[in-house]
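Structure first, commentary second.
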Amino acid sequence: ENNLHKLKGMSLELANEFLERKNDIRKRFVKFDWTKFKGERIRVHGDYHLGQVLVQNDDFYILDFEGEPESTIRDRKVKQPPLKDIAGIFRSFHYAVYAVIFNNSDAYPYERQELFNAGETLYHYMVGVFLEQYVTLIEEHNINIGYAQERIILLKYCMLEKAVYELGYEMNSRPLWAIIPLRGIMSIIN
């Protein structure tokens with residue numbers, strides 16, 4: 001609320017919608033009960049995003065297993081649903097799409113809003129492909145990440161949690177990029 005003056009256009013519209021729905025968002029966090037879910041909990045990366053993935057030749061290497069930098073060591077040791085890391089990579093996909101738009105908008109003969117809409121479509125496609133492959137591999141290796149409805153609920157919760165965290169970060173350091181977590185939040189709650 002104190003930083004609305006830093007926003008304009010669609011970012012400001014989304015921020016106002018976020019503020020109108022902040023009580024609904026807060027209730028989602030407060031009423032969320034992890035104990036109702038049947039999926040396994042394991043030690044997760046804790047800060048999984050594209051910046052933690054190194055690609056070399058035909059292989060991928062996952063780096064930096066210290067977890068979320070602001071978390072305590074005790075919190076980092078707590079076993080979590082594996083989908084918490086998947087939510088992190090999905091939010092990272094969102095950032096990757098928007099980074100291309102922000103860093104290359106002069107290269108495209110389209111309005112920024114058109115690029116954002118196309119980016120959202122690409123983002124949802126990437127998430128769908130990744131999730132389908134992930135679930136297939138997880139099931140092949142007999143890891144229980146919960147039934148289908150449980151997966152959706154957990155993923156939405158973890159992605160909302162991550163996007164709200166990102167919003168705070170962006171408002172403090174890059175207000176122009178606040179549109180990324182704001183669009184993510186609105187997509188999840190709508």
Side-chain angles (χ1 to χ4, degrees), residues 28-29 32 34-35 37-104 119-174 177-185 187-188:
R28 287 178 189 229
F29 290 126
F32 194 81
W34 291 96
T35 63
F37 297 102
K38 305 292 182 218
E40 290 180 45
R41 293 176 185 214
I42 61 174
R43 288 242 164 81
V44 297
H45 186 283
D47 189 27
Y48 191 47
H49 55 80
L50 290 172
Q52 308 289 24
V53 179
L54 176 66
V55 179
Q56 184 178 10
N57 300 325
D58 292 333
D59 210 349
F60 293 87
Y61 299 90
I62 300 172
L63 312 171
D64 192 12
F65 283 87
E66 286 103 29
E68 185 63 50
E70 294 182 11
S71 296
T72 66
I73 298 296
R74 183 175 160 220
D75 287 343
R76 294 178 199 188
K77 290 181 179 181
V78 173
K79 292 183 179 184
Q80 303 278 346
L83 290 170
K84 188 161 184 123
D85 275 346
I86 300 310
I89 201 78
F90 287 174
R91 293 297 311 136
S92 186
F93 289 167
H94 211 206
Y95 268 82
V97 167
Y98 276 81
V100 169
I101 295 168
F102 283 130
N103 295 331
N104 300 290
E120 288 294 320
T121 300
L122 176 61
Y123 165 70
H124 288 288
Y125 177 77
M126 290 167 35
V127 165
V129 169
F130 187 100
L131 187 59
E132 183 178 345
Q133 286 299 305
Y134 176 79
V135 170
T136 298
L137 288 169
I138 285 293
E139 288 175 347
E140 284 176 11
H141 291 88
N142 294 318
I143 299 173
N144 175 11
I145 59 170
Y147 53 91
Q149 190 63 29
E150 179 178 332
R151 286 182 224 149
I152 292 167
I153 293 167
L154 276 171
L155 229 99
K156 283 183 177 182
Y157 175 85
C158 293
M159 288 174 65
L160 182 61
E161 180 181 55
K162 186 81 172 159
V164 168
Y165 169 82
E166 293 164 359
L167 179 58
Y169 176 84
E170 297 304 352
M171 291 302 293
N172 289 323
S173 58
R174 304 184 286 200
W177 287 49
I179 193 166
I180 305 168
L182 283 166
R183 284 197 81 156
I185 292 165
S187 176
I188 294 162

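For the numbers below, each heavy atom of this structure counts, side chains included, while hydrogens, waters and symmetry mates do not.
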Can Lys84 and Glu161 be said to form a side-chain contact (heavy atoms from CB on, under 4.5 Å), step by step? CA-CA 10 Å; Lys84 188 161 184 123; Glu161 180 181 55; 2.9 Å; yes
Given side-chain contact (heavy atoms from CB on, under 4.5 Å), test Leu83 with Ile86 step by step and report yes or no. CA-CA 5 Å; Leu83 290 170; Ile86 300 310; 4.2 Å; yes
Just how far is it from atom CD1 of Ile143 to atom CD1 of Ile42, taken to the nearest 0.5 Å? 6.0 Å
Expected output: side-chain Arg43 to main-chain Lys77 donor-acceptor under 3.5 Å: yes
From Leu131 CG over to Ile138 CD1, what is the distance, rounded to the nearest 0.5 angstrom? 10.5 Å
Report yes if the distance between the aromatic ring centroids of Phe130 and Tyr125 is under 6.0 Å, otherwise no. no
Tell me, do Arg91 and Pro181 make a side-chain contact under 4.5 Å, heavy atoms counted? yes
Give a yes or no on whether a salt bridge exists between Glu40 and Lys79, defined as a side-chain N under 4.0 angstrom from a carboxylate O. no
In terms of ring plane angle, is the pair Phe90 and Phe93 parallel, tilted or perpendicular, where the classes change at 30° and 60°? tilted
Note: Ala87 and Met159 closest approach over all heavy atoms is CB-CG, 3.4 Å
Under a plain distance cut-off of 3.5 Å, with no hydrogens placed, do His94 and Glu166 share a side-chain donor-acceptor pair? no
In terms of side-chain geometry, is the basic nitrogen of Arg76 or Glu68 positioned less than 4.0 Å from the acidic oxygen of its partner? no
Side chain to side chain contact (heavy atoms under 4.5 Å, CB included) against Arg174, all qualifying residues, sequence neighbours excluded: Tyr95, Tyr169, Glu170, Trp177
Would you sort out whether Tyr157 and Phe29 count as a ring-ring contact (aromatic ring centres under 6.0 Å, His included), showing the intermediate values? CA-CA 8 Å; Tyr157 175 85; Phe29 290 126; 5.5 Å; yes
Angle between ring planes, Tyr98 versus Phe102, binned at 30° and 60°: parallel, tilted or perpendicular? tilted
Between Leu167 and Ile185, is a side-chain contact (heavy atoms from CB on, under 4.5 Å) present by the stated rule, with each step listed? CA-CA 9 Å; Leu167 179 58; Ile185 292 165; 4.0 Å; yes
Would you give the length of the straight line joining atom CD1 of Ile101 to atom CD1 of Ile179, rounded to the nearest 0.5 angstrom? 9.0 Å
Value rounded to 0.5 Å, distance of CZ in Arg41 from CD1 in Ile145: 14.0 Å
Check for a donor-acceptor pair, side chain of Asp75 on one end and backbone N or O of Ser71 on the other, with a separation under 3.5 Å. no
When you compare the side chain of Val55 with that of Tyr61, does any pair of heavy atoms fall below 4.5 Å? no
In short, side-chain hydrogen bond (donor to acceptor under 3.5 Å, both in side chains) pairs touching residues 134-156 with sequence neighbours left out are Glu139-Arg151
Measure the CG-CG distance between Leu155 and Leu160 for me, rounded to the nearest 0.5 Å. 11.5 Å
Please enumerate all residues that pass side chain to side chain contact (heavy atoms under 4.5 Å, CB included) together with His45, with sequence neighbours excluded. Asp47, Tyr48, Gln52, Ile62, Phe65, Asp85
